[in-house]
Q: 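Provided herewith is a single structure, encoded as structure tokens, for subsequent inquiry.
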Amino acid sequence: QVQLVESGGGLVQAGGSLRLSCAASGNIFVVNAMGWYRQAPGKQRESVATITSGGSTNYADSVRGRFTISRDNAKNTVYLQMNSLKPEDTAVYYCNADLVPLTSLGGRYYASKEYDYWGQGTQVTVSS
């Protein structure tokens with residue numbers, strides 16, 4: 001059973017910093033792209049930052065220059081360093097991973113196709 005477990009959210013004053021972590025665990029063959037998304041109350045979920053297995057990154061215009069996404073492939077973990085936080089960054093932050101799980105069949109494990117997995121979300125609140 002594959003799961004993504006996030007940590008690092010919390011309450012911070014405007015201008016402060018937080019670091020989010022998300023670890024993928026379970027029977028995994030390979031983790032491809034990983035990313036962070038957020039959803040504020042009354043708004044749709046939006047992409048914050050993504051990173052490929054090779055390290056190529058993409059950021060939303062609203063966070064570029066303030067947030068940094070990185071990953072540790074050996075640990076199947078993705079990070080989001082958030083600096084210069086603003087009240088408008090307040091949201092539930094979700095980790096996402098495109099990965100190929102290992103499927104058990106007849107006592108052996110096989111790599112299946114790529115699936116999209118989500119973490120449970122972590123609250124980030126920035127006070128003014």
Side-chain angles (χ1 to χ4, degrees):
Q1 189 78 3
V2 174
Q3 60 177 348
L4 302 183
V5 179
E6 300 142 340
S7 61
L11 173 65
V12 65
Q13 288 188 330
S17 299
L18 283 174
R19 188 187 193 217
L20 306 182
S21 299
C22 171
S25 63
N27 294 322
I28 298 171
F29 177 69
V30 66
V31 181
N32 295 320
M34 303 185 80
W36 290 95
Y37 293 72
R38 67 186 181 187
Q39 187 167 19
K43 295 187 177 181
Q44 289 188 333
R45 188 174 298 189
E46 63 176 357
S47 174
V48 175
T50 60
I51 184 168
T52 67
S53 57
S56 296
T57 58
N58 190 47
Y59 295 93
D61 289 342
S62 59
V63 307
R64 187 175 291 112
R66 300 187 296 122
F67 292 9
T68 302
I69 189 170
S70 61
R71 63 189 287 171
D72 184 335
N73 289 334
K75 297 180 179 179
N76 289 334
T77 299
V78 64
Y79 306 95
L80 186 68
Q81 177 66 43
M82 303 184 293
N83 298 329
S84 303
L85 282 160
K86 305 175 180 179
E88 50 263 44
D89 294 319
T90 295
V92 178
Y93 284 69
Y94 296 91
C95 172
N96 174 268
D98 296 328
L99 63 87
V100 178
L102 288 169
T103 302
S104 176
L105 182 64
R108 301 180 66 178
Y109 284 92
Y110 298 87
S112 64
K113 65 177 183 177
E114 183 180 273
Y115 291 92
D116 195 38
Y117 289 84
W118 291 90
Q120 79 284 359
T122 184
Q123 177 70 45
V124 171
T125 303
V126 184
S127 63
S128 57

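Quick caveat, the model's predicted, so the values are computed rather than measured.
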Q: Any link between Val100 and Ile28 through a network of hydrophobic side chains (Ile, Leu, Val, Met, Phe, Trp, Tyr) touching at under 4.5 Å?
A: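 Per the 4.5 Å side-chain linkage, Val100 and Ile28 are not co-clustered.
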Q: What pairs of residues pass the salt bridge (Lys or Arg N to Asp or Glu O under 4.0 Å) test when at least one of them lies in residues 100-119, not counting sequence neighbours?
A: none
Q: Quick one: does Ser104's side chain have a donor or acceptor within less than 3.5 Å of a partner on Gly107's backbone?
A: no
Q: Rounded to the nearest 0.5 Å, how far does OH of Tyr93 lie from CG of Leu80?
A: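 Leu80 CG to Tyr93 OH: 7.5 Å, rounded to 0.5 Å.
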Q: Quick check for you: to the nearest 0.5 Å, what is the distance between Ser53 atom OG and Leu99 atom CG?
A: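 Spacing of OG (Ser53) from CG (Leu99) equals 12.0 Å.
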Q: May I have the list of side-chain donor-acceptor pairs in residues 12-19 shorter than 3.5 Å, sequence neighbours left out?
A:
{"residue": "Ser17", "atom": "OG", "partner": "Asn83", "partner atom": "OD1", "Å": "2.9"}

Q: Please lay out, stage by stage, how Asp89 and Phe67 fare under the test side-chain contact (heavy atoms from CB on, under 4.5 Å).
A: CA-CA 11 Å; Asp89 294 319; Phe67 292 9; 3.9 Å; yes
Q: Check whether any side-chain heavy atom of Tyr59 lies under 4.5 Å from a side-chain heavy atom of Thr57, and answer yes or no.
A: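 In contact.
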Q: Please evaluate residues Tyr94 and Arg45 with respect to the criterion side-chain contact (heavy atoms from CB on, under 4.5 Å), reporting the C-alpha separation (whole Å), side-chain torsions for both, the decisive distance (0.1 Å), and the verdict.
A: CA-CA 9 Å; Tyr94 296 91; Arg45 188 174 298 189; 3.5 Å; yes
Q: Which word best sums up how the rings of Tyr37 and Trp118 line up, parallel for under 30°, tilted for 30 to 60°, or perpendicular for over 60°?
A: perpendicular
Q: Say you draw a straight line from CG of Leu105 to OG of Ser112; how long is it, rounded to the nearest 0.5 Å?
A: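 Leu105 CG to Ser112 OG: 11.0 Å, rounded to 0.5 Å.
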Q: Locate the shortest heavy-atom distance separating Val124 from Gly9; write the atom from each residue and the value.
A: CG2-CA, 4.2 Å
Q: Quick one: CG on Leu4 to CG on Asn96, what's the gap to the nearest 0.5 Å?
A: 7.5 Å
Q: Does Glu88 form a side-chain contact (heavy atoms from CB on, under 4.5 Å) with Val126? I'd like the steps, not just the answer.
A: CA-CA 8 Å; Glu88 50 263 44; Val126 184; over 6 Å; no
Q: Using a cut-off of 6.0 Å, state whether more than 12 heavy atoms not belonging to Tyr110 lie near its atom OH.
A: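 It does: Tyr110 OH has more than 12 such atoms within range.
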Q: Which atom names give the shortest non-hydrogen contact between Ile69 and Met34, and what distance separates them?
A: CD1-O, 4.2 Å
Q: Do Gln81 side-chain atoms and Thr68 backbone N/O form a donor-acceptor pair below 3.5 Å?
A: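 Absent.
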Q: Considering non-hydrogen atoms only, spot the tightest contact between Ser47 and Ala60 and give its length.
A: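 So the minimum-distance heavy-atom pair works out to O-CB, 3.5 Å.
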Q: Determine whether Met82 and Val63 make a side-chain contact, defined as any pair of heavy atoms from C-beta on separated by less than 4.5 Å.
A: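 They are not in contact (no side-chain heavy atoms under 4.5 Å apart), so the answer is no.
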Q: Please report the shortest heavy-atom distance between Ala23 and Thr77, naming the atom on each side.
A: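 Closest approach of Ala23 to Thr77: CB-OG1, 3.6 Å.
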Q: Any sub-3.5 Å donor-acceptor pair from Asp98's side-chain atoms to Val31's backbone N or O?
A: no
Q: Calculate, to the nearest 0.5 Å, the distance between atoms OG and OH belonging to Ser21 and Tyr79 respectively.
A: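 The OH atom of Tyr79 is 5.5 Å from OG of Ser21, to the nearest 0.5 Å.
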Q: Quick one: pull up OG in Ser25 and NZ in Lys75 and give me the separation to the nearest 0.5 Å.
A: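 Ser25 atom OG to Lys75 atom NZ measures 14.5 Å (nearest 0.5 Å).
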Q: For a quick test of reading the model, state the closest non-hydrogen atom pair linking Arg71 to Ile51 and the distance between them.
A: NH1-O, 3.3 Å
Q: Which heavy atom of Val92 sits nearest a heavy atom of Gln123, and at what distance?
A: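 Smallest interatomic distance, heavy atoms only, reads CG2-OE1, 3.3 Å.
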Q: I'd like to know if Asp61 and Arg64 make a salt bridge, using a cut-off of under 4.0 Å between side-chain N and carboxylate O.
A: yes
